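The sequence lines fix the lettering, A, B, ..., with proteins before strands; numbering per chain opens at 1. All values below were derived from every heavy atom in this structure, side-chain atoms included, with hydrogens, water molecules and symmetry-related copies excluded. Predicted, not measured: the structure shown is a model, and the values here were computed from it.
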Amino acid sequence: MGQFVEYIKMALANLRAKKGRSILTMLGIIIGIASVIMIISIGNGVKAQISSELESMGGGLIYLRIDNQNKDKEVIELKEEDFDALNSKISNLKGVTPLYNAWGTVTSPKGNFEAIGGAGTEALEFNNSDPIIKGKYFSKEDYLAGRKVCVLSESDAVKLFGNTDVVGMTIELTFYNVTQEMTIVGIRQNSTAKLLASLVSSPRVQIEMPISVLGEQFGFYVEGFDGIYLIANSSSTAAQVAQDGISLLESRHNIRGEGRIQIETMAEQTGMITNVLDMVTIFIAFVAVISLVVGGIGVMNIMLVSVTERTREIGIRKALGARTGSVMLQFLAESAIITLVGGLIGILIGISGAIGICSAFGFEAGIETSVIIIATIFSSGVGLFFGIYPAKKAAKLSPIEALRHD
Amino acid sequence: MGSLVDIKNIHKIYNPGENEVRALDGVSLTIDRGEYVAIIGQSGSGKSTLMNMLGCLDIPSSGIYYLNGQNVSHMTDNELSDIRNKEIGFIFQGFNLIPGLTALENVELPLVYRGVAKRERIKLSTVALEKVGLAHRMDHKPSEMSGGQQQRVAIARAIAQAPPIILADEPTGNLDSKSTVEIMRILEGLHEEGRTVILITHDNEIAAKAKRVIRIRDGRVEEDYYNKDREKGHVDEVDKKKE
């Protein structure tokens with residue numbers, strides 16, 4: 001053990017003596033390790049960010065659609081009774097709503113604006129995870145009674161009135177030449193996504209309202225629907241809710257086993273996106289690992305040069321009683337120190353780089369200890385693996401030959 | 001007590017077969033503890049090969065070599081390393097100091113491989129350097145010292161661990177006459193202290209300073225005699241070995 005410490009000291013002294021070369025050799029390892037850690041951490045961060053954003057956009061949102069393409073089959077529409085059945089019989093279900101979009105204009109004290117009316121049941125509230133910050137969402141009673149109420153987003157309220165203290169005020173909505181006065185009952189917070197979208201274009205004013213109003217006041221057909229949204233408590237229960245919903249509706253409409261009900265869940269899309277992200281991360285990390293291997297070959301190269309340069313020294317050491325193992329350990333220690341120190345610097349740069357880049361883009365880096373541990377093991381592995389050949393070469397030198405070397 | 005070095009009918013043959021070179025062709029000799037022996041020969045005589053054998057840097061093709069009672073003729077590389085470390089202090093023609101290390105660190109080296117603790121190493125090395133008159137040069141690198149000083153560091157390195165044999169291979173080959181005198185005086189001093197000194201040289205003048213001369217030619221011992229004229233009346237206790 002004491003001997004071992006001596007070899008490490010010798011190795012350190014040698015590395016110090018050739019500082020520039022040691023640092024350049026280390027650079028390969030530093031870049032390799034730093035890029036592996038940075039890429040994986042950023043990849044994890046992006047993945048986490050995307051999943052949480054998708055979750056907030058409606059992780060538990062399920063779109064359920066009846067296939068009415070086949071002209072031979074009876075057309076099936078989902079109606080109020082279906083909503084009630086779903087709401088009462090399916091657990092983990094927050095609500096059921098169709099979503100109708102009507103294009104038109106809105107008139108406020110500030111003038112006329114293009115508008116989209118998004119109409120549904122009171123469950124439309126959950127279609128979007130942005131909270132109501134003023135007033136309240138329209139209620140089931142509002143929906144059932146067909147009251148002329150609506151909800152605006154923060155930024156649209158500012159657009160229409162100049163401020164957000166507009167609960168109780170009215171706007172005039174015009175769809176297909178029918179104009180109705182609507183009372184504002186709530187203001188929804190702006191999502192970051194919406195704010196970003198408003199930077200690049202000037203979107204239409206979005207107005208959320210009971211679908212019954214669209215029918216009673218504007219003359220739309222709102223009695224039955226091809227497609228509706230089921231909103232599950234969370235993304236994890238979405239699949240089960242979708243399953244239960246399908247089987248309930250199939251039995252209510254006697255289409256069991258015909259496969260006419262199709263669903264899309266946000267969770268599925270999230271899964272697809274994260275799968276793609278995983279693949280991209282793995283691919284880039286693979287490229288980074290190659291750079292690490294190249295760094296390792298650099299270490300081997302330098303160690304081979306060093307062995308050739310120091311052949312005479314090796315001869316002297318062996319003549320004075322160094323065993324094969326001692327020479328080998330000394331050279332192995334040198335390459336191990338290069339890779340270990342390089343690896344540690346690389347880890348620091350990788351972590352700070354990942355944190356820096358991620359915070360510049362406004363999300364959190366996904367730094368995992370397992371990645372760091374694997375990177376450390378890998379870098380010392382590279383050092384040992386690529387150090388063994390030169391070290392063996394050095395240790396096997398015959399002292400006579402080595403002493404004759406100039 | 002047996003001889004320190006006991007070589008029996010040693011052969012060293014390179015390229016066995018067609019172009020074989022018999023570098024050593026049946027050499028037998030014994031060297032007792034405390035002797036001061038010069039092995040002399042022209043280049044190509046086999047004296048370097050003999051020195052490699054004596055120094056346990058190589059093993060013979062055939063024959064037996066007992067060093068300090070141990071048969072070293074069939075030892076593995078690592079065993080030979082240990083033997084060299086324990087039994088032999090080398091002094092080379094080219095000094096063979098490690099350029100990156102200070103005088104003190106160079107002297108410490110064999111002690112490192114023997115596993116001596118740092119404190120003890122520094123003590124032994126300092127004593128050895130003082131003995132060769134280099135106490136004031138301990139922190140100098142080889143490049144900062146003259147040839148004579150470097151060779152004195154090498155001698156300090158050879159004696160620091162107090163090995164039974166000092167094996168000096170053309171120790172004055174690279175030195176001017178003043179340094180040569182200095183180095184030879186140190187070697188003689190070591191002999192007078194009772195150490196066994198084996199000197200390999202091609203120079204008759206240098207060989208004349210030893211007590212016993214073994215002349216090698218064509219891989220064989222040609223002559224083995226005592227420098228009687230240097231005895232000045234002192235009678236050697238070992239029986240004469242002429243022929």
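- Of all heavy-atom pairs spanning B:Leu57 and A:Pro399, the tightest one is CD2-CB, 3.8 Å.
- Within 6.0 Å of OH in A:Tyr389 there are 12 or fewer heavy atoms belonging to other residues, nucleotides or ligands.
- Note on B:Arg114, B:Gln161, B:Arg157, B:Lys86: by heavy-atom pairs under 4.5 Å with chain A, the leading option is B:Arg157.
- Put simply, the side chain of B:Asn52 never gets that close to the backbone of A:Ile400: no donor and acceptor are under 3.5 Å apart.
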Check against side chain to side chain contact (heavy atoms under 4.5 Å, CB included), A:Glu6 and B:Tyr113: CA-CA 9 Å; A:Glu6 292 297 331; B:Tyr113 289 118; over 6 Å; no
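- Residue-environment remark: CD (B:Gln93) exceeds the threshold of 12 foreign heavy atoms within 6.0 Å.
- Formation of a donor-acceptor pair under 3.5 Å by the B:Asn85 side chain with backbone atoms of A:Leu320 is found in this model.
- For A:Lys392, the NZ atom is loosely surrounded, since the number of other residues' heavy atoms within 6.0 Å does not exceed 12.
- The CD1 atom of A:Ile316 sits 12.0 Å away from atom CZ of B:Phe90, with the distance rounded to the nearest 0.5 Å.
- Enclosure of atom NZ in A:Lys9 by more than 12 non-hydrogen atoms of other residues, nucleotides or ligands within 6.0 angstrom is indicated.
- Atom CG of B:Asn71 has more than 12 heavy atoms from other residues, nucleotides or ligands within 6.0 Å.
- Contact of the A:Arg323 side chain with the B:Asp77 side chain is not registered, since no non-hydrogen atoms from C-beta on lie closer than 4.5 Å.
- Within 6.0 Å of the OH atom in B:Tyr14, the count of heavy atoms belonging to other residues, nucleotides or ligands exceeds 12.
- For chain B, the nearby parts of A:Arg317 are the backbone and the side chain; heavy atoms of each come within less than 4.5 Å.
- Of the two parts of A:Ser326, only the side chain, counted from C-beta on, holds a non-hydrogen atom closer than 4.5 Å to a non-hydrogen atom of chain B.
- Heavy atoms of other residues, nucleotides or ligands lying less than 6.0 angstrom from CG of B:Asn15 number more than 12.
- Of the two parts of A:Gln330, only the side chain, counted from C-beta on, holds a non-hydrogen atom closer than 4.5 Å to a non-hydrogen atom of chain B.
- Considering A:Arg310, A:Glu313, A:Arg312 as possible partners of B:Ile98, the one that fulfils the side-chain contact (heavy atoms from CB on, under 4.5 Å) test is A:Glu313.
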Apply side chain to side chain contact (heavy atoms under 4.5 Å, CB included) to the pair B:Val112 and A:Met10, showing each step before the final yes or no. CA-CA 11 Å; B:Val112 170; A:Met10 283 181 201; 3.7 Å; yes
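- Contact count versus chain B (heavy atoms, under 4.5 Å) is highest, among A:Ala17, A:Ala13, A:Gly315, A:Ala322, for A:Ala322.
- There is no contact between B:Ile83 and chain A, counting heavy-atom distances below 4.5 Å.
- Residues forming a side-chain contact (heavy atoms from CB on, under 4.5 Å) with A:Ala354 (at least two apart in sequence, or on another chain): A:Met38, A:Ser41, A:Ile42, A:Ala365.
- Remark: A:Ser291 engages A:Ser35 in a side-chain contact (heavy atoms from CB on, under 4.5 Å) (not counting sequence neighbours).
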